[in-house]
Structure formats: structure tokens, C-alpha cells
Protein chains: 2
Amino acid sequence: MDLAAVVGCCSPLVAEPLTGEQSAELARVFKAMGDPVRLRLLSLIASHAGGEACVCDLTDVFDLTGPTISHHLKVLREAGLISGERRGTWIYYRVQPDVLRRLSAVLVPGEATQNAAVAQ
Amino acid sequence: MDLAAVVGCCSPLVAEPLTGEQSAELARVFKAMGDPVRLRLLSLIASHAGGEACVCDLTDVFDLTGPTISHHLKVLREAGLISGERRGTWIYYRVQPDVLRRLSAVLVPGEATQNAAVAQ
DNA sequence: CCTTTGTATCGACCGTTATCGAATCAAGGA
DNA sequence: TCCTTGATTCGATAACGGTCGATACAAAGG
């Protein structure tokens, strides 16, 4: 999953146009965030105590079945936005803060530009 | 289109979970950016000289018909990400920088937090 | 073992959406 | 007024994506 690397190599939108490949990779991440359930899952995980949440914490928030939540978590995982780790009975998810930071840097110029340092 | 206002009223993801309504409104914007063509259109407009581009500048970049480009521009427009203005023969599009800045502020804590000032 | 509980995968249904060609509208010249 | 050019809207179609029930897997306890 070198998606994070691709996300990290883009200049801000206003600086120069994205190439076809860059826009394709970035769109995959934004598309993953383009669903209300997934965006809320992301915020629930990100803001949960300890920076992680198990699936059991997430399922009860929604009027959705387990398989559906599992599907959305998979989409977020494959987009590189979260990572999951099994510890005993439960699986804990946590966000990948670097990806969020780099996305933020793509949207606006001048901010979070340790991006440039990482890219080198 | 008070979408920009809704986008502006959200704390960073890591600070507190989004409500159902907040995630729904934010997801509409991220979904609009979740397509390679639209993301590239956005970057072409944002980085074009003068901060604006006419549709004729955008169509030739893609192997897509005019109606398809027009459709994607409409999606971006209805998401509040761009605005169009006709001047004579051509229609010029420009980005709404506030929306991008506020999206960026949702993704990471502490940055672009003139967000809070705007919200008041 | 077998059962229970937590989570993921599979297959199917169905609404949504990206795309096109054709038609339409808007502005400027001949 | 008509024709040309730029851009949108409309209608149709094919592909995608969110949701579910059924099933399968993984860990822990009887």
C-alpha cells in the first residue's frame, strides 16, 4: 500500500494541475471519505480514547448490520486511511494521521508543508 | 447553498466525532472530489492563470465529450467547490478557496483555524 | 471438542452515477 | 435573420456501490 507515498508527492491544487495518475490516486482516498457512514466511522475512530476503537464500539452508532460496517471499514482500510490490528477477541482500528495531513496539504497552499520534506 | 457554512462549523476529525448531519454534508463535498476527472478539473481551475478557467480550456485535457465535462462541473458546482460566471461567449469557473480551507481544517487539528473565527 | 461471540467474506438486489448522442439554449458575427 | 461556436440539458444505457442475509473464520470458554 504505497498510496500514502503518492498522496504525499502532490503539490497543492492551486500550485499546479494534478496529473492523471495523481488525480486517480487522490480520488481513491477522497472517494473513500465520500460516504456519510465512512466519514463518521473515521471521526469515531480518530476521536476515540487512545486513538483507537474496536468494531464493537462502532457498530452500535449506526442502524446498519455488521457486514455493512465491516464493508465500510474495509474501504477505509484499502484507501490507507485506517489500519486494523487484532488483539485477542477484538480488532482495533486507528487512523493513519500522515495520510490525513497530506490530504490537507493538497487542499491548501503553505500549510502542513513538512509534506515537501517527507517527499524528498 | 449553505454548504460552506456547514463545512465551516466542524471541528477536526480527531477532536470529536461528527454528527450524522455533519458527516452527511461533508461527505457530499468529499464525494464530489472522489472522482479522478473532477479532482483534475478542480486542480486545472485552481492552478490556471488568474484563478479561473473557461470550459474550453478544460475539455481538451480529457478524452471525454463536452456533456460529460459539463456534468462533472455541475457536480463540483453543486458541492460548492467551484462557481461559474458567463462573460460574453465563454463561461469561466473558479474555485471557492474557503471551502477548500475548511475541508483542510477538518482533516487536521490546529491548522487553518481561522476557521473558528469565521464560524463565529 | 463444541458452543458462543466478534468480525469478515460472499452473493444478490437495487438505487445511483458516469458516459454518450441528440437536442437545446446563449452569444456573436455574416 | 440565419449560421456558427460554446456550453448545458435530456434520455438512455451500462457499470458501480451500499445494503442485506447467509455463510465462514477466529478466538475464548465450557
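Remember, it's a predicted structure, so these values are computed and weren't measured experimentally. When reading the values below, keep in mind they use all heavy atoms of this one structure, side chains included, and skip hydrogens, waters and symmetry mates. Chain letters run A, B, ... following the sequence lines, proteins first and then strands; every chain starts at 1.
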| query | Please give, in whole Å, the distance from C/dA18 C1' to B/Arg38 CZ? | reply | 8 Å
| said: Can you see if the side chain of A/His71 gets near the phosphate of C/dT7 - specifically, an N or O under 4.0 Å from OP1 or OP2? | reply: no
| task | Would you tell me if any nitrogen or oxygen in the side chain of A/Arg86 comes within less than 4.0 Å of OP1 or OP2 on C/dA8? | result | no
| said: Hydrophobic clustering (ILVMFWY, side-chain heavy atoms < 4.5 Å, transitive) - are B/Val29 and B/Val108 grouped together? | reply: yes
| query | Base, sugar-phosphate, or nothing: which does A/Tyr92 touch, judged by heavy atoms less than 4.0 Å apart? | reply | nothing
| field | Hydrophobic cluster identity match, B/Leu76 and B/Val99, side-chain contacts under 4.5 Å | value | yes
| request: Find the distance A/Trp90:CH2 to C/dA8:C1' and express it as a whole number of Å. | output: 17 Å
| Reckon B/Ile69 touches a base, only the sugar-phosphate, or nothing at all at heavy-atom distances under 4.0 Å? | nothing
| Along DNA chain D (nearest heavy atom to each residue), the more 5'-positioned of A/His72 and A/Arg87 | A/His72
| On the ring face of A/Tyr93, is A/Arg77 found with NZ or CZ under 6.0 Å from the centre and within 45° of the axis? | no
| Pick the nucleotide of DNA chain C nearest each of B/Pro67 and A/Tyr93; which residue has the one closer to the 5' end? | A/Tyr93
| request: Compare all side-chain heavy atoms of A/Ser83 with those of A/Gln96 and state whether any distance is below 4.5 angstrom. | output: yes
| said: Side-chain heavy atoms nearer than 4.5 Å, only ILVMFWY residues, links allowed to pass through others: does that put B/Val75 and B/Leu26 together? | reply: no
| message | For a 4.5 angstrom cut-off between non-hydrogen side-chain atoms, does B/Lys31 reach B/Arg28? | response | no
| request: Can you sort out which residues in residues 52-63 of chain A have a heavy atom within less than 4.0 Å of DNA chain D? Ascending by number, please. | output: A/Asp63
| message | I need the CG-P distance between A/Leu73 and C/dG6, as an integer number of Å. | response | 16 Å
| field | Leading and trailing nucleotides of DNA chain D with any atom under 4.0 Å from heavy atoms of chain A | value | D/dG17 to D/dA28
| request: Send over the distance from B/Glu85 CD to C/dA27 C1', rounded to a whole Å. | output: 15 Å
| request: Scan A/Gly66 against the nucleic acid and name what it touches under 4.0 Å (heavy atoms): base, sugar-phosphate only, or nothing. | output: nothing
| query | With a non-hydrogen cut-off below 4.0 angstrom, is A/Thr89 in contact with a base, only sugar-phosphate, or nothing? | reply | sugar-phosphate
| said: With a cut-off of less than 4.0 Å, is there a side-chain N or O of A/Lys74 near OP1 or OP2 of C/dT7? | reply: no
| field | Interatomic distance, B/Ile91 CD1 vs C/dA27 P [rounded to whole Å] | value | 9 Å
| Side-chain heavy-atom pair A/Leu81, A/Val95 within 4.5 angstrom cut-off | no
| query | Can you get from A/Ile45 to A/Val55 by hopping between Ile, Leu, Val, Met, Phe, Trp and Tyr side chains that sit under 4.5 Å apart? | reply | yes
| field | Short side-chain N/O contact from A/Ser70 to OP1 or OP2 of C/dT7, under 4.0 Å | value | no
| message | Quick one, B/Leu44 and B/Asp57 - any side-chain contact, counting heavy atoms below 4.5 Å? | response | no
| Nearest-0.5 Å distance, CG of residue B/Leu42 to NE2 of residue B/His72 | 13.0 Å
